[in-house]
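This report refers to the structure that appears directly beneath it.
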There are 2 protein chains.
Amino acid sequence: MHSGAVLAIGEFSRLTHLSVRTLRRYHDAGLLEPASVDPATGYRSYSADQIPVAQVIHRLRELDVPLADVRRILRSPDPHARAGLVAEHLQRLEAELDRTRAAVASLRRLLRPEPPPLDVELRAVPATTVAAVADDVRHDEVLAWYAGAMAELDAVVDEPAGPPGGLYDNALFEEGRGRLLVYRPTDDPPRRGRVHPVTLPAVELAVTTHVGEHDDIDVSYGELGAWVVANALAVAGPVRETYLVGPRDTPEPSAWRTEIGWPVFRVAPR
Amino acid sequence: MHSGAVLAIGEFSRLTHLSVRTLRRYHDAGLLEPASVDPATGYRSYSADQIPVAQVIHRLRELDVPLADVRRILRSPDPHARAGLVAEHLQRLEAELDRTRAAVASLRRLLRPEPPPLDVELRAVPATTVAAVADDVRHDEVLAWYAGAMAELDAVVDEPAGPPGGLYDNALFEEGRGRLLVYRPTDDPPRRGRVHPVTLPAVELAVTTHVGEHDDIDVSYGELGAWVVANALAVAGPVRETYLVGPRDTPEPSAWRTEIGWPVFRVAPR
DNA sequence: CGCGACCCTCCCCCGGGGAGAGGGTGCACA
DNA sequence: TGTGCACCCTCTCCCCGGGGGAGGGTCGCG
């Protein structure tokens with residue numbers, strides 16, 4: 001309709017509740033180009049048609065959608081594809097919400113007085129050959145990757161000889177990405193798809209068992225670590241987790257049991 | 001217990017899953033002071049006792065609690081007060097979640113095809129004297145302030161002569177804070193507490209009625225604005241909202257009716 | 001013509017890190 | 001006693017999405 005109406009940036013700002021500054025930024029970012037720009041003065045002119053666009057941007061920004069993604073959404077011509085991109089972000093929000101919930105729960109548990117003390121045991125573990133899937137993974141992809149790898153392992157390993165486990169490279173936590181290996185012990189490890197035999201080296205492990213929710217697991221890590229240094233040992237190599245009882249066994253998190261083993265060696269006492 | 005164990009920053013990093021960089025930053029920020037610092041080399045030494053503290057910090061940061069607030073929480077000696085501070089942040093999270101939900105819903109409505117067109121009317125409004133509460137308010141406090149002011153008005157005005165309304169300074173949107181006035185028309189405006197008589201000047205108003213959820217109201221603002229410029233008018237002064245049907249009348253948002261009036265004056269056509 | 005409102009660009013600030021440069025230390029092994 | 005290497009130090013710059021302000025041009029009304 002009345003697309004002829006032309007607005008200075010200040011008027012447009014009043015009409016959209018976006019600050020003048022922000023409008024200029026959106027112009028620079030290629031998000032919301034003014035209908036025209038006076039080449040002599042640099043004055044921006046907006047058209048009344050752009051108000052709804054500005055409002056969509058406003059809503060997306062309220063959802064913390066990065067400017068680059070907002071641009072992608074606006075540029076995508078097909079409303080179908082657009083809805084897909086938006087849905088993607090809503091999913092991201094959902095995931096973030098889950099993270100938040102988990103952190104809140106964990107914080108609550110952490111602030112509760114006196115967690116029960118942890119039993120730590122030093123155990124010599126011989127080299128074993130297992131069926132494994134391994135890859136370089138980003139820290140935030142760990143869960144998804146794990147689920148896929150474990151499913152593939154389950155499909156390929158017929159007669160597991162024990163509970164599944166994983167090896168976590170320290171770089172995963174320190175640098176945000178690193179090697180992740182998930183395995184099932186079995187007598188004759190097959191080689192199919194991503195699954196292949198791997199020989200885990202013999203190590204001396206400081207072992208403890210974490211009970212409950214995985215979100216709290218670094219509390220157990222911390223206690224294990226404190227035990228390790230208190231006993232004049234040092235950490236060597238990737239941590240090993242063994243899933244004695246996990247979500248695959250029972251939906252009740254309080255029953256989950258995860259063995260954490262940290263390869264250690266003796267150091268001179270300081 | 002074994003508080004004697006002393007850890008280099010790298011070891012401590014492995015034990016807490018906080019990066020070395022981040023640990024140094026937390027030191028600089030006064031969040032997590034190392035147990036000791038070698039004055040000659042600057043090497044930081046951590047004690048195993050500090051692991052639980054590091055974990056609490058980790059959790060709080062996962063909840064986006066600013067470093068300054070984390071510091072406050074850790075410094076507060078009384079676990080009671082501490083729990084209070086934490087609860088405060090959880091409340092903030094809750095509020096944020098509400099905002100997010102509202103934005104999602106609004107975005108959904110915005111992306112739905114073809115909102116019904118808006119009827120806009122030009123109306124001369126005479127000066128009126130009303131009972132009002134006014135203050136300078138930050139944009140994010142508007143809702144809370146409004147609720148309080150309206151309650152006070154209700155308590156003081158016995159015989160309202162029409163639905164309540166509000167005046168919103170443009171600075172509220174442009175600069176994040178500005179004057180907010182809420183009023184009830186009544187024959188003999190009292191002066192008690194924050195309530196006092198105010199004479200609203202006569203204006204010509206471009207008026208439309210927004211139906212439904214307030215979260216979508218700037219869509220109606222946008223359409224109203226487009227109409228205003230299309231009719232060679234310009235905006236003058238704070239917008240007036242009149243709550244014909246609101247949450248005080250019915251809990252059903254789809255029935256809410258809010259009149260938006262923008263003071264205008266005629267400009268030369270361009 | 002003058003004034004005030006408006007607009008322009010440019011630069012620095014915030015927070016919570018990531019990245020890397022450039023240099024010092026601690027320790028094991030030859 | 002070197003020498004290599006992992007570790008540690010500080011420093012500066014970058015990211016995002018804006019806010020704040022400086023310094024200067026432009027518009028339109030009286």
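To find a chain, count down the sequence lines: A is the first, B the second, and so on, and within it residues start at 1.
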Is there a side-chain contact between B:Arg44 and B:Leu23 (heavy atoms, below 4.5 Å)? no

Check ion pair A:Arg72-A:Asp69 (N to O, under 4.0 angstrom): yes

In whole angstrom, what separates [X]'s [atom1] from [N]'s [atom2]?
X	N	atom1	atom2	value
B:Asp64	C:dG15	CG	P	14 Å
B:His17	C:dG17	NE2	C1'	19 Å
A:Ile9	C:dT9	CD1	C1'	12 Å
B:His27	D:dC9	NE2	P	10 Å
A:Glu11	D:dC27	CD	P	15 Å
B:Arg14	D:dC7	CZ	C1'	10 Å
A:Leu23	C:dC6	CG	C1'	14 Å
A:Leu32	D:dG17	CG	C1'	16 Å

Earlier contact from the 5' end, DNA chain C, for B:Asp38 and B:Leu67: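 On the 5' side of the pair lies B:Leu67.
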
Could you give me the CA-CA distance, side-chain angles and deciding distance for B:His89 and B:Arg92, then say whether side-chain hydrogen bond (donor to acceptor under 3.5 Å, both in side chains) is met? CA-CA 5 Å; B:His89 274 285; B:Arg92 184 185 52 74; 3.2 Å; yes

If you check the [X] side chain, which of [options] turns out closest?
X	options	value
A:Thr41	C:dG17, D:dT26, D:dC8	D:dT26
A:Thr22	D:dT10, C:dC8, D:dG18	D:dG18
B:Arg24	C:dG17, C:dG18, D:dT10	D:dT10
A:Pro66	D:dC8, D:dG17, C:dC7	D:dG17
B:Arg44	D:dG19, C:dC7, D:dC9	D:dC9

Nearest 0.5 Å, what's the CD1-CZ distance between B:Ile9 and B:Arg14?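 These two atoms lie 11.0 Å from each other.
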
Respond yes when some side-chain nitrogen or oxygen of [X] is under 4.0 Å from OP1 or OP2 of [N], and no when none is.
X	N	answer
A:Arg25	D:dG19	no
A:Ser19	D:dG19	yes
A:Tyr43	D:dG25	no

Polar contact flag, side-chain donor to acceptor under 3.5 angstrom, B:His27-B:Arg24: no

With a 3.5 Å cut-off and just heavy-atom distances, do the side chain of B:Arg21 and the base of C:dG20 make a donor-acceptor pair? yes

